[in-house]
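Everything quoted here is computed from the prediction, not taken from an experiment.
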Amino acid sequence: MGTVEQPAANGGVASVAGRMYALAGSCHPGPVVAVTALMVALAVTADQSAARSLLTGAAVLTGQLSVGWCNDAFDAHRDTAAGRRGKPVVDGAVGVRQVWWAAYAALALCVPLSFACGLCAGVVHLAGVAAAWGYNLWLKATAWSWAPYAVGFAALPAFVALGLPEHPWPAWWVVTTGAMLGVGAHLGDVLPDIREDLATGVRGWPHRLGRQRARLLLPVPLVAASAVLALGPVGPPGRWAAAALVASSVLAVAGTLLGRRWEQAAFSAAVAVAVVDVALLLLRGTGLA
(Lines give C-alpha, C1' and ligand atoms only; values in the text may rest on other atoms or scores of the structure.)
Protein backbone atom coordinates (compact mmCIF):
# COMPACT_ATOMS: atom_id res chain seq x y z
CA MET A 1 0.00 0.00 0.00
CA GLY A 2 2.81 2.35 0.85
CA THR A 3 4.47 1.87 -2.52
CA VAL A 4 1.20 2.50 -4.34
CA GLU A 5 0.29 5.69 -2.45
CA GLN A 6 3.74 7.27 -2.50
CA PRO A 7 3.75 8.28 -6.17
CA ALA A 8 0.32 9.87 -5.75
CA ALA A 9 1.57 11.85 -2.77
CA ASN A 10 4.65 12.96 -4.65
CA GLY A 11 2.52 13.89 -7.62
CA GLY A 12 0.28 16.00 -5.40
CA VAL A 13 3.26 17.78 -3.90
CA ALA A 14 4.73 18.32 -7.34
CA SER A 15 1.40 19.66 -8.58
CA VAL A 16 1.16 22.15 -5.70
CA ALA A 17 4.78 23.19 -6.19
CA GLY A 18 4.14 23.64 -9.90
CA ARG A 19 1.14 25.86 -9.28
CA MET A 20 3.08 27.95 -6.76
CA TYR A 21 5.91 28.34 -9.26
CA ALA A 22 3.43 29.36 -11.95
CA LEU A 23 1.78 31.81 -9.56
CA ALA A 24 5.15 33.38 -8.83
CA GLY A 25 5.81 33.65 -12.54
CA SER A 26 2.53 35.45 -13.16
CA CYS A 27 3.31 38.36 -10.82
CA HIS A 28 5.79 39.92 -13.29
CA PRO A 29 8.72 38.95 -11.04
CA GLY A 30 11.35 41.05 -12.84
CA PRO A 31 9.72 44.44 -12.25
CA VAL A 32 8.52 43.38 -8.78
CA VAL A 33 12.03 42.50 -7.63
CA ALA A 34 13.60 45.53 -9.33
CA VAL A 35 11.18 48.08 -7.84
CA THR A 36 11.30 46.53 -4.37
CA ALA A 37 15.10 46.37 -4.33
CA LEU A 38 15.38 49.97 -5.50
CA MET A 39 12.99 51.19 -2.80
CA VAL A 40 14.86 49.31 -0.06
CA ALA A 41 18.09 50.87 -1.34
CA LEU A 42 16.39 54.28 -1.35
CA ALA A 43 15.16 53.73 2.22
CA VAL A 44 18.70 52.90 3.34
CA THR A 45 20.00 55.95 1.46
CA ALA A 46 17.43 58.11 3.26
CA ASP A 47 18.76 56.88 6.62
CA GLN A 48 15.75 54.78 7.57
CA SER A 49 16.58 52.25 10.25
CA ALA A 50 17.17 48.64 9.26
CA ALA A 51 13.78 47.60 10.65
CA ARG A 52 11.98 50.48 8.91
CA SER A 53 13.78 49.76 5.63
CA LEU A 54 12.57 46.15 5.78
CA LEU A 55 9.04 47.33 6.57
CA THR A 56 9.16 49.71 3.63
CA GLY A 57 10.38 46.88 1.42
CA ALA A 58 7.58 44.59 2.61
CA ALA A 59 4.93 47.23 1.86
CA VAL A 60 6.36 47.90 -1.59
CA LEU A 61 6.71 44.17 -2.30
CA THR A 62 3.10 43.36 -1.45
CA GLY A 63 1.87 46.35 -3.41
CA GLN A 64 3.88 45.36 -6.48
CA LEU A 65 2.76 41.74 -6.18
CA SER A 66 -0.88 42.81 -6.08
CA VAL A 67 -0.42 44.96 -9.17
CA GLY A 68 1.41 42.24 -11.11
CA TRP A 69 -1.14 39.54 -10.31
CA CYS A 70 -4.04 41.89 -11.05
CA ASN A 71 -2.48 42.65 -14.42
CA ASP A 72 -2.11 39.01 -15.44
CA ALA A 73 -5.56 38.02 -14.18
CA PHE A 74 -7.39 40.89 -15.86
CA ASP A 75 -5.48 40.53 -19.14
CA ALA A 76 -5.84 36.75 -19.31
CA HIS A 77 -8.47 36.87 -22.06
CA ARG A 78 -6.44 39.35 -24.11
CA ASP A 79 -3.23 37.38 -23.67
CA THR A 80 -5.01 34.19 -24.74
CA ALA A 81 -6.50 35.90 -27.80
CA ALA A 82 -3.06 37.26 -28.74
CA GLY A 83 -1.46 33.84 -28.28
CA ARG A 84 1.11 35.06 -25.77
CA ARG A 85 2.61 31.73 -24.85
CA GLY A 86 4.94 31.60 -21.88
CA LYS A 87 2.51 33.33 -19.53
CA PRO A 88 1.43 30.93 -16.75
CA VAL A 89 -2.27 31.81 -16.99
CA VAL A 90 -2.33 31.47 -20.78
CA ASP A 91 -0.43 28.17 -20.60
CA GLY A 92 -2.92 26.81 -18.06
CA ALA A 93 -0.27 26.36 -15.37
CA VAL A 94 -2.36 28.39 -12.92
CA GLY A 95 -6.02 29.45 -12.94
CA VAL A 96 -7.29 33.00 -13.34
CA ARG A 97 -9.26 32.71 -10.09
CA GLN A 98 -6.12 31.70 -8.19
CA VAL A 99 -4.24 34.69 -9.57
CA TRP A 100 -7.10 37.02 -8.57
CA TRP A 101 -7.09 35.62 -5.03
CA ALA A 102 -3.32 36.13 -4.84
CA ALA A 103 -3.76 39.75 -5.97
CA TYR A 104 -6.43 40.40 -3.33
CA ALA A 105 -4.36 38.73 -0.61
CA ALA A 106 -1.27 40.80 -1.47
CA LEU A 107 -3.37 43.97 -1.50
CA ALA A 108 -4.86 43.09 1.89
CA LEU A 109 -1.34 42.71 3.32
CA CYS A 110 -0.15 45.92 1.65
CA VAL A 111 -2.68 48.10 3.51
CA PRO A 112 -1.51 47.50 7.11
CA LEU A 113 2.14 47.33 6.07
CA SER A 114 1.83 50.73 4.37
CA PHE A 115 0.10 52.38 7.33
CA ALA A 116 2.69 50.87 9.68
CA CYS A 117 5.13 53.33 8.08
CA GLY A 118 2.93 56.27 9.08
CA LEU A 119 -0.51 57.62 8.19
CA CYS A 120 0.61 60.01 5.44
CA ALA A 121 3.12 57.50 4.13
CA GLY A 122 0.43 54.84 3.96
CA VAL A 123 -2.03 57.10 2.16
CA VAL A 124 0.57 58.11 -0.43
CA HIS A 125 1.75 54.55 -1.07
CA LEU A 126 -1.76 53.16 -1.36
CA ALA A 127 -2.66 55.99 -3.73
CA GLY A 128 0.19 54.83 -5.95
CA VAL A 129 -0.97 51.21 -5.74
CA ALA A 130 -4.54 52.29 -6.51
CA ALA A 131 -3.27 54.17 -9.58
CA ALA A 132 -1.55 50.99 -10.78
CA TRP A 133 -4.76 48.97 -10.30
CA GLY A 134 -6.61 51.70 -12.19
CA TYR A 135 -4.17 51.26 -15.04
CA ASN A 136 -4.77 47.52 -15.15
CA LEU A 137 -8.55 47.75 -14.97
CA TRP A 138 -9.24 50.81 -17.13
CA LEU A 139 -6.60 53.38 -18.08
CA LYS A 140 -4.30 50.97 -19.93
CA ALA A 141 -6.48 51.26 -23.04
CA THR A 142 -6.81 55.08 -22.96
CA ALA A 143 -4.68 58.06 -23.91
CA TRP A 144 -4.10 58.58 -20.16
CA SER A 145 -2.22 55.29 -19.75
CA TRP A 146 0.93 57.19 -18.81
CA ALA A 147 -0.70 58.88 -15.78
CA PRO A 148 -0.86 55.85 -13.42
CA TYR A 149 2.82 55.15 -14.06
CA ALA A 150 3.70 58.78 -13.28
CA VAL A 151 1.61 58.77 -10.11
CA GLY A 152 2.78 55.34 -8.98
CA PHE A 153 6.47 56.03 -9.46
CA ALA A 154 6.22 59.49 -7.89
CA ALA A 155 4.48 57.97 -4.86
CA LEU A 156 7.35 55.58 -4.13
CA PRO A 157 10.05 58.10 -3.07
CA ALA A 158 7.34 60.11 -1.29
CA PHE A 159 6.43 56.97 0.65
CA VAL A 160 10.06 56.44 1.66
CA ALA A 161 10.51 60.06 2.77
CA LEU A 162 7.25 60.17 4.73
CA GLY A 163 8.29 56.98 6.48
CA LEU A 164 11.21 58.76 8.16
CA PRO A 165 10.85 59.60 11.89
CA GLU A 166 9.73 63.21 11.36
CA HIS A 167 7.66 62.33 8.27
CA PRO A 168 9.11 65.08 6.04
CA TRP A 169 7.52 65.71 2.66
CA PRO A 170 9.94 64.80 -0.15
CA ALA A 171 11.64 67.48 -2.19
CA TRP A 172 9.92 68.44 -5.46
CA TRP A 173 12.80 67.17 -7.55
CA VAL A 174 12.58 63.68 -6.03
CA VAL A 175 8.86 63.37 -6.82
CA THR A 176 9.36 64.82 -10.30
CA THR A 177 12.18 62.38 -10.98
CA GLY A 178 9.96 59.49 -9.94
CA ALA A 179 7.13 60.66 -12.22
CA MET A 180 9.42 60.99 -15.22
CA LEU A 181 10.95 57.58 -14.58
CA GLY A 182 7.39 56.24 -14.48
CA VAL A 183 6.60 57.67 -17.91
CA GLY A 184 9.82 56.17 -19.28
CA ALA A 185 9.03 52.82 -17.67
CA HIS A 186 5.57 52.89 -19.27
CA LEU A 187 7.04 53.38 -22.73
CA GLY A 188 9.63 50.67 -22.17
CA ASP A 189 7.12 48.23 -20.70
CA VAL A 190 4.56 48.59 -23.48
CA LEU A 191 6.91 48.63 -26.49
CA PRO A 192 7.32 44.83 -26.85
CA ASP A 193 3.55 44.29 -26.80
CA ILE A 194 2.25 47.11 -28.99
CA ARG A 195 1.29 44.94 -31.96
CA GLU A 196 -0.50 42.31 -29.84
CA ASP A 197 -2.22 44.98 -27.75
CA LEU A 198 -3.58 46.74 -30.84
CA ALA A 199 -4.92 43.43 -32.12
CA THR A 200 -6.95 43.04 -28.92
CA GLY A 201 -8.27 46.61 -28.86
CA VAL A 202 -5.82 48.24 -26.43
CA ARG A 203 -5.01 51.81 -27.49
CA GLY A 204 -2.97 53.43 -24.75
CA TRP A 205 -0.70 56.42 -25.17
CA PRO A 206 2.29 54.50 -26.61
CA HIS A 207 -0.03 52.63 -29.00
CA ARG A 208 -1.37 55.93 -30.34
CA LEU A 209 2.17 57.19 -30.81
CA GLY A 210 3.12 54.07 -32.74
CA ARG A 211 6.00 51.70 -32.10
CA GLN A 212 8.66 53.78 -33.84
CA ARG A 213 7.79 57.12 -32.25
CA ALA A 214 7.33 55.53 -28.82
CA ARG A 215 10.76 53.93 -29.05
CA LEU A 216 12.40 57.19 -30.13
CA LEU A 217 10.65 59.10 -27.34
CA LEU A 218 11.82 56.68 -24.64
CA PRO A 219 15.15 58.43 -23.81
CA VAL A 220 13.46 61.81 -23.24
CA PRO A 221 11.71 61.16 -19.89
CA LEU A 222 14.58 58.97 -18.67
CA VAL A 223 17.26 61.59 -19.33
CA ALA A 224 14.96 64.35 -18.06
CA ALA A 225 14.52 62.41 -14.80
CA SER A 226 18.26 62.24 -14.26
CA ALA A 227 18.67 65.90 -15.21
CA VAL A 228 16.09 66.96 -12.60
CA LEU A 229 17.79 64.80 -9.97
CA ALA A 230 21.22 66.17 -10.87
CA LEU A 231 20.25 69.84 -11.06
CA GLY A 232 17.30 70.04 -8.66
CA PRO A 233 19.04 70.05 -5.24
CA VAL A 234 20.42 73.30 -3.94
CA GLY A 235 24.10 73.83 -4.67
CA PRO A 236 26.42 72.94 -7.54
CA PRO A 237 25.72 69.58 -9.20
CA GLY A 238 29.25 68.24 -8.74
CA ARG A 239 31.07 65.49 -10.61
CA TRP A 240 28.78 62.67 -9.49
CA ALA A 241 25.73 64.43 -10.91
CA ALA A 242 27.51 65.01 -14.22
CA ALA A 243 28.64 61.38 -14.36
CA ALA A 244 25.11 60.13 -13.56
CA LEU A 245 23.60 62.33 -16.26
CA VAL A 246 26.05 61.03 -18.86
CA ALA A 247 25.50 57.41 -17.76
CA SER A 248 21.71 57.82 -17.88
CA SER A 249 21.88 59.33 -21.35
CA VAL A 250 24.00 56.47 -22.63
CA LEU A 251 21.74 53.84 -21.06
CA ALA A 252 18.55 55.47 -22.35
CA VAL A 253 19.85 55.78 -25.91
CA ALA A 254 21.24 52.24 -25.79
CA GLY A 255 17.84 50.96 -24.72
CA THR A 256 16.27 52.69 -27.70
CA LEU A 257 18.80 51.31 -30.19
CA LEU A 258 18.88 47.78 -28.77
CA GLY A 259 15.10 47.78 -28.60
CA ARG A 260 15.01 47.14 -32.35
CA ARG A 261 16.37 43.63 -31.84
CA TRP A 262 15.87 42.87 -28.14
CA GLU A 263 12.34 43.77 -27.10
CA GLN A 264 13.08 43.89 -23.36
CA ALA A 265 15.97 46.34 -23.78
CA ALA A 266 13.71 49.38 -23.49
CA PHE A 267 12.31 48.46 -20.08
CA SER A 268 15.74 47.28 -18.92
CA ALA A 269 17.09 50.74 -19.79
CA ALA A 270 14.44 52.37 -17.59
CA VAL A 271 15.42 50.13 -14.67
CA ALA A 272 19.11 50.84 -15.25
CA VAL A 273 18.52 54.60 -15.23
CA ALA A 274 16.58 54.25 -11.96
CA VAL A 275 19.56 52.38 -10.48
CA VAL A 276 21.88 55.21 -11.56
CA ASP A 277 19.56 57.79 -9.99
CA VAL A 278 19.41 55.94 -6.67
CA ALA A 279 23.20 55.64 -6.73
CA LEU A 280 23.44 59.40 -7.31
CA LEU A 281 21.28 60.05 -4.25
CA LEU A 282 23.53 57.80 -2.20
CA LEU A 283 26.78 59.37 -3.42
CA ARG A 284 25.62 62.97 -3.09
CA GLY A 285 23.98 62.41 0.29
CA THR A 286 21.32 65.02 -0.44
CA GLY A 287 18.48 62.96 1.07
CA LEU A 288 14.89 63.01 -0.12
CA ALA A 289 13.44 65.99 1.71
The side chain to side chain contact (heavy atoms under 4.5 Å, CB included) partners of A265 (sequence neighbours excluded) come to L258, W262
For E166, all residues meeting side-chain hydrogen bond (donor to acceptor under 3.5 Å, both in side chains), sequence neighbours excluded: none
For L55, side chain to side chain contact (heavy atoms under 4.5 Å, CB included) partners two or more places apart: R52, L113, A116, C117
Main-chain N/O of V33 paired to T36 side chain as donor or acceptor, under 3.5 Å: no
Find the distance between CG (L288) and OG1 (T45) and round it off to the nearest 0.5 Å. 8.0 Å
Output all residues satisfying side chain to side chain contact (heavy atoms under 4.5 Å, CB included) with T80, sequence neighbours left out; order by chain, then residue number. V90
Residue pairs fulfilling ring pair (Phe, Tyr, Trp, His ring centres under 6.0 Å) with at least one residue in residues 104-125, sequence neighbours excluded: W100-Y104, H125-F159
Nearest 0.5 Å, what's the CG-CG distance between N71 and D189? 8.0 Å
For F153, all residues meeting ring pair (Phe, Tyr, Trp, His ring centres under 6.0 Å), sequence neighbours excluded: none
Is the backbone N or O of G86 less than 3.5 Å from a side-chain atom of D91, with the two atoms forming a donor-acceptor pair by type? yes
Same cluster for L187 and V253 if Ile/Leu/Val/Met/Phe/Trp/Tyr side chains link at under 4.5 Å? no
Side chains of P206 and S145, heavy atoms from C-beta outward: is any pair under 4.5 Å? yes
Judged by atom type as modelled, is there a donor-acceptor pair below 3.5 Å linking the side chain of S226 to the main-chain atoms of V223? no
Sort and list the pairs that fulfil salt bridge (charged side-chain N to carboxylate O under 4.0 Å, His left out) and have at least one residue in residues 137-152, not counting sequence neighbours. D75-K140
Would you check if the side chain of T142 reaches a backbone N or O of L139 as a donor-acceptor pair within less than 3.5 Å? yes
Transitive ILVMFWY side-chain link L23 to F74, under 4.5 Å: yes
Spell out, as yes or no, whether a donor-acceptor pair under 3.5 Å connects the side chain of R203 to the backbone of R208. no
With sequence neighbours excluded, residues passing side-chain hydrogen bond (donor to acceptor under 3.5 Å, both in side chains) with W69: S26
Polar side-chain atom of R19 near backbone of V94 as donor-acceptor pair, under 3.5 Å: no
Kindly write out the residues that satisfy ring pair (Phe, Tyr, Trp, His ring centres under 6.0 Å) with F267, not counting sequence neighbours, or none if the list is empty. none
Donor-acceptor contact present, side-chain T200 to main-chain D197, <3.5 Å: yes
Is H186 reaching over with its side chain to a backbone N or O of Y149, donor-acceptor style, under 3.5 angstrom? no
So, using ring pair (Phe, Tyr, Trp, His ring centres under 6.0 Å) as the criterion, who are the partners of W144 when residues are at least two apart? W146
Suppose we screen for side-chain hydrogen bond (donor to acceptor under 3.5 Å, both in side chains). Which residues come up paired with Q98, at least two apart in sequence or across chains? none
Can V160 be reached from V278 by stepping across I, L, V, M, F, W or Y side chains whose heavy atoms are under 4.5 Å apart? yes
How would you list, by chain and number, every residue that makes a salt bridge (Lys or Arg N to Asp or Glu O under 4.0 Å) with D72, sequence neighbours excluded? K87
Backbone N or O of L191 within a donor-acceptor pair of the R211 side chain at under 3.5 Å? yes
Answer yes if V190 and W138 sit in the same cluster of Ile, Leu, Val, Met, Phe, Trp and Tyr residues linked by side chain heavy atoms under 4.5 Å apart, and no otherwise. yes
Are V151 and L137 connected in a single hydrophobic cluster, I mean Ile/Leu/Val/Met/Phe/Trp/Tyr linked by side-chain heavy atoms less than 4.5 Å apart? no
For the residue pair Q48 / T56, report whether a side-chain donor-acceptor contact shorter than 3.5 Å exists. yes
